[in-house]
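Right, one structure below, let's go through it.
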Amino acid sequence: MSRDVHVIDHPLVQHKLTLMRRKDTSTKSFRELVHELSALLAYEITRDMPMQEIQIETPLEKMTSRVIDGKKVVLASILRAGNGFLDGMLQVIPGARVGHIGLYRDPKTLQAVEYYFKMPSGMSDRDVIVLDPMLATGNSAVAAVDRLKQTNPRSIRFVCLVTCPEGLKTFHDHHPDVPVYTPAVDRGLNEHGYIVPGLGDAGDRIFGTK
């Protein structure tokens, strides 16, 4: 079983992540950066997506050419912060379907509690990209993928802005077959289960709720 972690070190990705980490970055700027960064991440995540050949006609002649089957891609957003990723991803993969997984973290146990789950039909033919800015304790990510696997999708990938060794270990102990795509593996978790140095609470910073 693989425990793949793809660290996306493209200069544009790293540059935008640095700007997002700064505590004095405004809500407006943070939101714009998430949008730009998610579009860039979509390029990397779809690098080895399955393709199919179709017949097209150029201005000069007919030919066979390759396309991603966008309708077979599902962007599964872990609410609420995952929604900050959606627009940028949909700009690159406009044909993708969108699913939502509602989870919140119990402040006492740090365990994930599900309150909403809605996916497109026919998941066995679909490739899922799970979106959540932070893979911290790993509990929400594990719960989300546990639930997704019940729908038997063709494949699952997990994408986040920042993670840490503890979160990756927890996630891959449960789901060694699901690759993780991230621009940053940070030092670790603090006593409150936040990634350090991290970038704070991504949901609060995207939606301006703090």
message: Run the salt bridge (Lys or Arg N to Asp or Glu O under 4.0 Å) test against Glu44 and tell me which residues pass, sequence neighbours left out.
response: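 Salt bridge (Lys or Arg N to Asp or Glu O under 4.0 Å) check on Glu44 returns Arg47.
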Main-chain N/O of [Y] paired to [X] side chain as donor or acceptor, under 3.5 Å:
X: Gln91; Y: Ala39; value: no
X: Glu166; Y: Gly193; value: no
X: Ser29; Y: Thr25; value: no
X: Ser155; Y: Asp127; value: no
X: Arg157; Y: Tyr181; value: no
X: His35; Y: Phe30; value: no
X: Asp186; Y: Gly198; value: yes
X: Arg205; Y: Thr27; value: no

message: Quick one about Asn152 and Ser124 (side-chain donor to acceptor, distance below 3.5 Å, no hydrogens or angles considered), yes or no?
response: no
Cluster check Phe158, Val7: I/L/V/M/F/W/Y, side chain < 4.5 angstrom: yes
message: In this structure, would Val196 and Met134 fall into the same cluster of hydrophobic residues linked by side-chain contacts under 4.5 Å?
response: no
- request: Any salt bridge (charged side-chain N to carboxylate O under 4.0 Å, His left out) involving residues 26-41? Give me the pairs, sequence neighbours left out, ordered by first then second residue.
  value: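 Listed once each, the pairs are Lys16-Glu36, Lys28-Glu32.
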Going by atom type alone, with no hydrogens or angles, which donor-acceptor pairs under 3.5 Å involve a side-chain atom of residues 54-62 and a protein atom two or more places apart or on another chain?
| residue | atom | partner | partner atom | Å |
| --- | --- | --- | --- | --- |
| Gln55 | NE2 | Thr64 | OG1 | 2.8 |
| Thr58 | OG1 | Leu60 | N | 3.0 |
| Thr58 | OG1 | Glu61 | N | 3.0 |
| Thr58 | OG1 | Glu61 | O | 3.2 |

message: Tell me whether the count of non-hydrogen atoms from other residues, nucleotides or ligands lying under 6.0 Å of NE2 in His174 goes above 12.
response: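 No, not enclosed.
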- prompt: Checking side-chain contact (heavy atoms from CB on, under 4.5 Å) for the pair Leu161/Met20: CA distance, chi angles, key distance, verdict?
  reply: CA-CA 10 Å; Leu161 291 178; Met20 289 176 71; 3.5 Å; yes
- prompt: Just wondering, do Asp177 and Asp4 contact through their side chains at under 4.5 Å, heavy atoms?
  reply: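 Asp4 does not reach Asp177 side chain to side chain.
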message: Rounded to the nearest 0.5 Å, what separates atom OG1 in Thr182 from atom CD1 in Ile8?
response: 7.0 Å
message: side-chain hydrogen bond (donor to acceptor under 3.5 Å, both in side chains) for Asp146 and His175? Distances and angles first, verdict last.
response: CA-CA 8 Å; Asp146 279 345; His175 299 293; 2.9 Å; yes
- request: Determine, step by step, whether Met119 and Leu148 satisfy the side-chain contact (heavy atoms from CB on, under 4.5 Å) criterion, reporting the C-alpha distance in whole Å, the side-chain angles of both residues, the deciding distance to 0.1 Å, and the verdict.
  value: CA-CA 9 Å; Met119 289 293 140; Leu148 273 169; 3.7 Å; yes
